[in-house]
Student: 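Before anything else, here's the structure in question.
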Amino acid sequence: MTVLVTGGAGYIGTHTLVELIESDHKVLVLDNFSNSSAKSLEKVTQITGQDISVVEGDVNDKACLTAIFSKHNIQAVIHFAGLKAVGESCEKPLKYYQNNVAGTLTLCEVMAQFNCKNFVFSSSATVYGDPATVPITESFPLSTTNPYGASKLMVENILRDLYQSDHEWNIAILRYFNPVGAHHSGLIGEDPNDIPNNLMPFITQVAVGKREFLSVFGDDYDTPDGSGVRDYIHVVDLAKGHLKALDKLTQNIGCVEYNLGTGSGISVLEMVNAFESVTGQKVPYQITNRRAGDIACCYAQTDFAESELNWKAEKTLTDMMADAWNWQSNNPNGYE
Ligand code: WQD
């Protein structure tokens, strides 16, 4: 298939490009590089041996999208482009709704205009809010506590309405749990702007000496060791899940949601200990207050994705730690 990958220069986008190319798909990247570097695409070329066709542009730019679809026979879209910092979304909600919601509306309008109705959407476990129980299945109630999460849920609802209006659409909504790690080559990885919001890049930046210590946001949650529990999934497993979802679209699935996680919950302190034991690198930390908006525990029920997509996360916690460290230690300043 010829696949348009929006946000393809980003963390999950680049890892998915590698899997797409290695599965003989033709790819075209649309990225505005607001939260990524074009250098990441050079690294994808180094890994795959293939040059990457890329358009520098924004999903809100209808003329740009129209030009892309006029010139290329796009058969499917994997839509990563969007803003994803929870804290920033609280400070700048309009920016998040404009990028994440309005941008997706523009993209879907142009897709419909060119009769391209195969769509994989990058959603998030954040749409489950604070679950009453765990593990979380795709049928759990949906609620959000910040504009970033609300933007993801709004897009999900738009896509469900879109499918109800036109059953020619085939839409896979992928709810990511917590992506971590990097391609085993160490050539591509997570390269956050400024101070990392997420746990894993903060751990690796402490280990490489960019940060003095890790703040553990609370150890008084109702969890085995008091620190927050999440479902961390290797980014390569996540990328492979996108390939399976893309294949599934050819079976006229309609509009379907899938949890992409491992089904295991791991605490912050367990992540620190695992990183130290796998890499031999110390990660000094201090227990601080809880972070506003955080929940105690979140991990996936993965049966549906495993059976429907014939996909299961295979990489281990050791792989996640070793690959994250391999990327960070070889790229202390990310994509320079
Ligand atoms: C994980 C755990 C923190 C940083 C968010 C979004 C989700 C997705 C991933 C985009 C929590 C703790 C973290 C730190 C810490 N985003 N932590 N010190 O909050 O589960 O999910 O990011 O796609 O949609 O909601 O991920 O990595 O920020 O936090 O103690 O410096 O690590 O409290 O328990 P989160 P996270």
Side-chain angles (χ1 to χ4, degrees), residues 7 10-13 15-16 35-36 79-90 96 99-100 121-131 134 136 142-153 155-156 173-181 190 192-207 210-233 235 238-239 242 259-262 265-275 283-300 320 324:
Y11 173 42
I12 302 166
H15 286 84
T16 303
N35 201 18
S36 57
H79 182 33
F80 293 110
L83 300 172
K84 63 165 198 167
V86 171
E88 184 188 44
S89 79
C90 297
Y96 273 67
N99 273 277
N100 295 3
F121 175 59
S122 165
S123 190
S124 167
T126 201
V127 301
Y128 293 115
D130 190 355
V134 283
I136 299 170
L142 304 178
S143 71
T144 57
T145 58
N146 58 73
Y148 158 74
S151 73
K152 289 295 184 183
L153 183 51
V155 170
E156 286 201 10
I173 293 173
L174 304 184
R175 291 170 178 163
Y176 307 161
F177 280 70
N178 288 61
V180 296
E190 193 167 7
N193 289 341
D194 307 324
I195 300 172
N197 294 301
N198 295 133
L199 176 66
M200 204 59 224
F202 210 108
I203 286 177
T204 58
Q205 287 194 11
V206 169
K210 277 189 83 169
R211 310 280 168 207
E212 193 184 346
F213 63 87
L214 169 74
S215 296
V216 174
F217 296 145
D219 67 347
D220 57 351
Y221 285 103
D222 182 16
T223 61
D225 64 20
S227 63
V229 170
R230 296 292 186 274
D231 185 332
Y232 297 95
I233 177 172
V235 65
L238 189 66
H242 287 72
N259 284 343
L260 294 192
T262 67
I266 299 174
S267 78
V268 176
L269 294 176
E270 287 171 326
M271 290 289 277
V272 172
N273 292 336
F275 182 83
V283 179
Y285 66 84
Q286 294 178 7
I287 305 292
T288 63
N289 292 331
R290 295 181 177 189
R291 178 172 64 179
D294 271 358
I295 62 174
C297 185
C298 172
Y299 59 88
M320 296 177 206

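As the structure lists them, so they are numbered: ligands from 1, and atoms in each ligand from 1. One-based numbering along the sequence shown.
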Student: Step by step, would you call D219 with S227 a side-chain hydrogen bond (donor to acceptor under 3.5 Å, both in side chains)?
Tutor: CA-CA 4 Å; D219 67 347; S227 63; over 6 Å; no
Student: Please check if the number of heavy atoms outside Y285 that lie under 6.0 Å from its OH is greater than 12.
Tutor: no
Student: Just by distance, with hydrogens left out, do Y96 and E88 show a side-chain donor and acceptor under 3.5 Å apart?
Tutor: yes
Student: Could you go through ligand 1 and list every pair where one of its N or O atoms sits under 3.5 Å from a protein N or O, giving the atom names and the distance to one decimal?
Tutor:
from	atom 1	to	atom 2	distance (Å)
ligand 1	18 (N)	S215	O	2.8
ligand 1	19 (O)	R291	NH2	2.9
ligand 1	20 (O)	N178	ND2	3.0
ligand 1	20 (O)	R230	NE	2.7
ligand 1	22 (O)	N198	ND2	2.8
ligand 1	23 (O)	Y148	OH	3.1
ligand 1	24 (O)	S124	OG	2.7
ligand 1	24 (O)	Y148	OH	3.2
ligand 1	26 (O)	N178	ND2	3.1
ligand 1	27 (O)	N198	ND2	3.3
ligand 1	27 (O)	L199	N	2.8
ligand 1	28 (O)	N197	O	3.4
ligand 1	28 (O)	N198	ND2	3.1
ligand 1	28 (O)	R291	NH1	3.3
ligand 1	28 (O)	R291	NH2	2.8
ligand 1	29 (O)	R291	NH2	3.4
ligand 1	30 (O)	S215	O	3.4
ligand 1	30 (O)	F217	N	2.9
ligand 1	33 (O)	D294	OD2	2.6

Student: Over 60° means perpendicular and under 30° means parallel, so tell me whether Y176 and F80 are parallel, tilted or perpendicular.
Tutor: tilted
Student: Name the residue from V206, T204, V283 that meets the side chain to side chain contact (heavy atoms under 4.5 Å, CB included) definition with R211.
Tutor: V206
Student: Please report the C-alpha distance between E190 and N198 in whole Å, then the side-chain angles of each, then the deciding distance to 0.1 Å, and finally whether the side chain to side chain contact (heavy atoms under 4.5 Å, CB included) criterion is met.
Tutor: CA-CA 10 Å; E190 193 167 7; N198 295 133; 3.8 Å; yes
